[in-house]
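Comments concern the structure below.
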Amino acid sequence: MALPCPAHRAATNPLRHTPRTHPSAKLALKIRAFYAKDPPVYLELQQRLLAQVREIIRSKYDVELGAIAIEQPPDLKLGEFALPVAFELARKLRKAPRIIATELAADLAAALTPAAGFAGFEAAGAGYINARLNRAAISAQLAVSEGAARTSPLHVLVEHTSINPNKAAHIGHLRNAILGDTFVRLLQAAGQRVDVQNYIDNTGVQVADVVVGFVHLEGRTLDQVRELITAAEGQTGNARFDFLCWDVYARVSQWYSAGTEDEQKARKALRYATLHEIEHGGNETAAVAELISTAVLRRHLETMQRLGITYDFLPRESEILHLNFWALAFELLKAKGVLYFETEGKNKGCWVMTRPGAETTEGTVDEDAKVIVRSNGTVTYVGKDIAYHLWKFGLLGRDFGYQPFYDYPSIQDEPAHTCWISTESGVADHPHFGGAQAIYNVIDSRQSDPQANVIQALRGMGHTAEADRYTHFSYEMVALTPRCAVELGYDVAAEDLSRPYIEVSGRKGFGVKADDLIDKLIAATRKETDTRHPERPEAERQQTAEQIAIGALRYFMLKYTRNSVIAFDFKDALSFEGETGPYVQYAIVRARNIFRKAGLTPEAVLAGLAAAGPDSLLNSADEVWGLWLRAAKRGFVLDQAIATSEPALVARHAFQLAQEFNNFYHKHHILTEEDAGKKQLLLATAAIALRELVTVLAWLGIESPEVM
RNA sequence: GGGCGAGUAGCUCAAUCGGAUAGAGCACCGGCCUUCUAAGCCGGGGGUUACAGGUUCGAUCCCUGUCUCGCCUACCA
């Protein structure tokens with residue numbers, strides 16, 4: 001399972017003696033190979049150049065090189081590609097790098113002609129080989145398309161969001177969902193078939209806590225809880241049901257640790273009795289839990305839908321328990337010898353698993369082994385998680401029951417679809433989930449150890465291909481700056497004030513709720529659209545405000561690389577200037593205005609693009625060519641982003657594209673350009689920028705407004 | 001104690017397998033709206049990449065050590 005709430009999930013001991021390799025390394029290779037069939041422009045040129053230089057070095061010097069580095073020179077004037085390979089060869093060949101570079105440049109020039117996309121090669125600096133591209137040919141190619149459709153997709157399963165259904169979603173959950181949803185879009189853009197899952201821990205201790213709150217602290221019956229939920233439907237602000245739960249959860253958490261020692265003991269007993277009733281099912285407590293968790297889940301789906309985030313399937317822990325997934329997994333694990341029964345030491349009487357990379361010695365007790373089944377016969381969380389992941393790969397031999405749960409309307413060009421939920425029996429006619437070839441679990445970095453245990457179990461069972469295609473898509477938490485915490489009215493301890501950030505805590509009710517932030521963002525953008533476009537209808541102003549607000553939020557969550565803690569501050573999150581989503585959207589609006597005023601479509605301009613002559617601006621103005629080159633990198637960036645599981649690369653690409661476009665826009669006044677040929681190229685450049693910006697923003701789940 | 005991650009401009013972050021002059025945004029200072037929208041553009045100041053060694057033609061990146069910070073580290077779920 002996805003271990004949705006780190007604070008309450010046991011993590012195991014760390015990997016020992018195991019150098020960490022990038023978890024997605026092997027999958028990345030597969031995806032790379034898959035692209036190679038029909039690579040996008042920049043990637044194709046890069047590969048062509050690398051293959052050629054490798055061949056020349058082989059035949060000329062009889063040297064076989066491993067990976068050959070390729071980069072971009074610091075200035076476009078030096079060319080588009082730079083190869084530092086001569087430095088590496090210098091020692092082997094006992095020759096100055098500059099001389100080697102000169103030799104190689106001459107051979108490359110003979111092999112890669114303008115017809116192959118290259119305009120020339122030269123030795124530069126201390127020994128770089130710089131390659132220039134045939135700008136006219138490449139722009140003509142780009143005008144038609146950047147990369148083609150891919151074939152033979154992998155079946156990929158991405159799990160994200162996975163919020164405990166006991167309280168409102170907060171900004172940390174937003175980062176998870178936005179990262180996950182964006183990665184899904186990237187995989188889809190790469191031609192993969194993707195199922196999106198949101199794992200629901202509906203029988204966990206966090207749900208139990210809220211049940212204790214409603215039933216024991218507030219004295220509500222099952223019917224009264226139902227009435228409360230009905231009354232909260234369609235409400236806004238703090239009257240939303242998940243917001244009510246937020247407060248109840250915080251109150252219960254405090255209640256547990258308040259009172260006398262005896263009271264605390266009794267309350268803790270109540271807590272676990274409630275949990276066990278929920279796990280067991282078929283009683284009133286479980287019915288209350290079902291009502292609450294389902295109502296909160298619906299609220300989470302509504303919140304995420306505001307951001308354009310949808311799911312295909314909601315597997316729940318209750319079914320994993322009641323359909324006995326574990327019992328099957330247990331037999332498989334025992335049969336494969338992954339688990340063994342410990343007869344000595346502190347884990348005596350438990351079924352345990354050797355940790356990844358652990359060094360074990362014959363005849364000694366591995367006290368550090370991970371307990372999977374306790375001495376009382378109950379299974380730990382990691383055990384259930386192993387069973388669930390066997391199902392994900394189609395290796396368990398049992399399936400969920402399925403039932404439709406939530407309908408998504410058709411949005412823009414995406415068709416309407418139904419989100420399914422797990423049940424014990426379910427309906428006869430249903431899609432099948434699980435059985436994926438590759439999986440990504442978007443789970444915060446605090447859970448890398450339990451995730452590693454699950455992977456280890458798969459590997460131990462001999463499912464090495466699956467283990468290699470199992471990616472823990474980890475990311476750091478979203479915390480609050482002390483200033484933000486004070487602003488929200490929380491008591492901040494003196495020692496916390498000097499820290500860069502403070503961790504949010506659902507148990508303390510300390511954090512920024514997702515819906516509150518979205519509301520705030522929309523209010524801020526609406527104020528702007530109202531003042532900027534008072535003449536436009538209200539519905540349109542609202543729609544634009546929402547597009548900008550969501551764009552700002554999604555971009556904010558995506559601009560940081562995954563392993564960077566986001567110190568949240570309203571000032572940064574509500575900013576619409578500089579490196580933000582609205583900045584990119586604004587570039588799009590500017591480009592669209594040009595075509596609107598000109599009475600042309602970007603498609604028509606690109607279709608009519610004549611071959612650029614040698615005196616073209618394309619060859620003299622780097623701010624023009626720079627945009628085309630950047631456009632050519634789209635597929636390259638997508639490839640990198642998927643290989644490294646890093647959506648921030650795409651966000652940065654979008655920003656750089658927008659930045660270059662704004663620069664271009666400022667330098668060239670297109671509509672008043674008198675030279676017809678020049679005007680056509682400028683229009684085509686704007687069209688390319690527009691096409692790329694819209695495409696890349698869509699990958700990020702950000703819409704492109706018509707006006708701003 | 002052990003494991004993982006991090007330390008880069010005043011602040012928040014980048015830096016494509018080790019490559020050319022370490023880049024953006026914010027903040028600050030100074031310019032640019034009669035033009036395709038200023039949610040924009042241009043310019044400026046800002047750096048011993050935590051510290052000390054090492055490897056290398058070349059180190060923010062790799063190795064060793066030190067310092068600082070965060071997270072993880074239970075037969076709980």
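Just so we're on the same page: letters track the sequence lines, and every chain starts at 1. This one's a predicted model, so the numbers in the text were calculated from it and none came from an experiment.
- Within the structure, the salt bridge (Lys or Arg N to Asp or Glu O under 4.0 Å) test picks out the following pairs touching residues 647-670 of chain A (sequence neighbours left out): A:R630-A:E660.
- When Watson-Crick and G-U wobble pairs are counted only if both distances are under 3.5 Å, B:C41 pairs with B:G31.
- Checked by atom type and distance alone, the side chain of A:D201 never pairs as donor or acceptor with a backbone atom of A:N164 at under 3.5 Å.
- In this view, A:K346 satisfies the salt bridge (Lys or Arg N to Asp or Glu O under 4.0 Å) rule with no residue, not counting sequence neighbours.
- For B:G47 and B:C72, the C1' atoms lie 34 Å apart once the distance is rounded to whole Å.
- The environment of CD in A:E535 is crowded: more than 12 heavy-atom neighbours from other residues, nucleotides or ligands sit within 6.0 Å.
- Listed by chain and residue number, A:R562 satisfy the salt bridge (Lys or Arg N to Asp or Glu O under 4.0 Å) test with A:E646 (two or more places apart in sequence, or in another chain).
- Using a cut-off of 4.0 Å between Lys/Arg side-chain N and Asp/Glu carboxylate O, A:K348 and A:E344 are scored as not salt-bridged.
- Comparing the C1' positions of B:A20 and B:G58 gives a spacing of 10 Å, expressed to the nearest Å.
- Residue-level contact check: A:I372 touches neither bases nor backbone, having no heavy atom under 4.0 Å from any strand.
- Taking the P atoms as reference points, B:C63 lies 14 Å from B:G7, given to the whole Å.
- Between B:A24, B:C76, B:A20, one nucleotide has an atom nearer to the side chain of A:F655 than all others, and that is B:A24.
- Residue A:Y42 is the one, among A:Y42 and A:C350, whose nearest nucleotide of RNA chain B lies closer to the 5' end (criterion: closest heavy atom).
- Rounded to an integer number of Å, the gap from CE of A:M477 to C1' of B:C69 is 11 Å.
- A:K348 comes within contact range of at least one nucleobase, with a heavy-atom separation under 4.0 Å.
- Side-chain proximity of A:P74 to B:A39, B:U16, B:A20: nearest is B:A20.
- Using a 30° and 60° split on the angle between ring planes, A:F570 and A:F568 fall in the perpendicular class, above 60°.
- Distance noted for atom P between B:A59 and B:G3: 29 Å (whole Å).
- Using a 4.0 Å heavy-atom cutoff across all strands shown, A:L275 reaches sugar-phosphate atoms only and no base atom.
- Among the atoms of the strands shown, none is found under 4.0 Å from any heavy atom of A:A90.
- In a base pair of the Watson-Crick type (N1 to N3 plus N6-O4 or O6-N4) or a G-U wobble (N1-O2 and O6-N3), with each distance short of 3.5 Å, B:A59 is matched with no nucleotide.
- Using a 4.0 Å heavy-atom criterion, one finds that A:P73 contacts the bases of the nucleic acid, with or without backbone contacts as well.
- Looking at heavy-atom distances under 4.0 Å, A:Q659 makes contact with sugar-phosphate atoms alone, never a base.
- Under 4.0 angstrom from either OP1 or OP2 of B:A20 there lies no side-chain N or O belonging to A:Q72.
- Under the side chain to side chain donor-acceptor pair (under 3.5 Å) criterion, A:E342 pairs with no residue at all, not counting sequence neighbours.
- The side chain of A:R446 lies closest to B:C71, out of B:A20, B:C71, B:C13.
- Atom P of B:U60 sits at a distance of 13 Å from the matching atom of B:G23, rounded to the whole Å.
- Both the sub-6.0 Å distance and the 45° axial angle are satisfied by A:K384 relative to the ring of A:Y381.
- Comparing the P positions of B:U68 and B:G31 gives an interatomic distance of 47 Å, to the nearest angstrom.
- For A:Y560, counting side-chain heavy atoms from C-beta on, the closest listed nucleotide (B:C13, B:C76, B:A24) is B:C13.
- Tested against A:D530 for a salt bridge (Lys or Arg N to Asp or Glu O under 4.0 Å), the candidates A:K527, A:R526, A:R532 yield a single pass: A:R526.
- Between the side chain of A:R634 and the backbone N or O of A:P40 there is no donor-acceptor pair closer than 3.5 Å.
- Judged purely by distance below 3.5 Å, without hydrogens or angles, the side chains of A:K633 and A:Q72 pair a donor atom with an acceptor atom.
- In this structure, the CZ atom of A:R652 is 14 Å from the C1' atom of B:U12, given to the nearest Å.
- Near RNA chain B, defined here as any heavy-atom distance below 4.0 Å, the residues from residues 660-669 of chain A are A:N662, A:N663, A:Y665, A:H666, A:H668, A:H669, listed numerically.
- For the pair A:E674 CD and B:U35 P, the computed distance is 18 Å after rounding to whole Å.
- Looking at heavy-atom distances under 4.0 Å, A:E476 makes no contact with the nucleic acid at all.
- Distance check on atom P: B:U55 versus B:C71 gives 37 Å, rounded to whole Å.
- Here B:A39 is the nucleotide among B:A39, B:A20, B:C26 with the atom lying nearest to any side-chain atom of A:E528.
- Scanning atom types as modelled, one donor and one acceptor separated by under 3.5 angstrom connect the side chain of A:S375 and the base of B:C75.
- When rounded to the nearest whole Å, the span between CZ of A:R562 and P of B:C71 equals 20 Å.
- Aromatic pair A:Y42/A:F81: ring centres closer than 6.0 Å.
- A:V352 comes within contact range of no nucleotide atom at all, as no heavy-atom separation falls under 4.0 Å.
- A salt bridge does not link A:E476 with A:R446: none of the charged nitrogens is closer than 4.0 Å to a carboxylate oxygen.
- Against RNA chain B, the stretch residues 588-599 of chain A makes heavy-atom approaches under 4.0 Å through A:V589, A:R590, A:N593, A:I594, A:K597.
- With rounding to whole Å, A:D449 atom CG is found 15 Å from B:C71 atom P.
- Comparing A:G349 and A:E706 along RNA chain B, the residue whose closest nucleotide (by nearest heavy atom) sits nearer the 5' end is A:E706.
- Glycosidic conformation, B:C62: anti, with the torsion outside 90° of 0.
- When both pairing distances are held under 3.5 Å, B:A6 makes a Watson-Crick or G-U pair with B:U68.
- Residue A:A82 has its side chain nearest to B:A20 when only B:C75, B:A20, B:G25 are considered.
- In this structure, A:I566 atom CD1 and B:G70 atom P are separated by 19 Å, rounded to whole Å.
- Look at CZ on A:R355: it is 14 Å from P on B:G3, rounded to the nearest Å.
- In terms of phosphate contacts, A:Y583 brings a side-chain nitrogen or oxygen within less than 4.0 Å of OP1 or OP2 of B:C41.
- Computed from coordinates, the A:L558 CG to B:A24 P distance equals 22 Å when rounded to whole Å.
- For A:E577, the side-chain atoms get nearest to B:A39 when compared with the rest of B:A20, B:G5, B:A39.
- Contacts of A:E279 with the nucleic acid, taken as non-hydrogen atoms under 4.0 Å apart, involve only primed sugar atoms and P, OP1 or OP2.
- Between B:G40 and B:A27, the distance separating the two P atoms is 10 Å to the nearest Å.
- Between A:R499 and B:G70 there is a side-chain polar atom (N or O) within less than 4.0 angstrom of OP1 or OP2.
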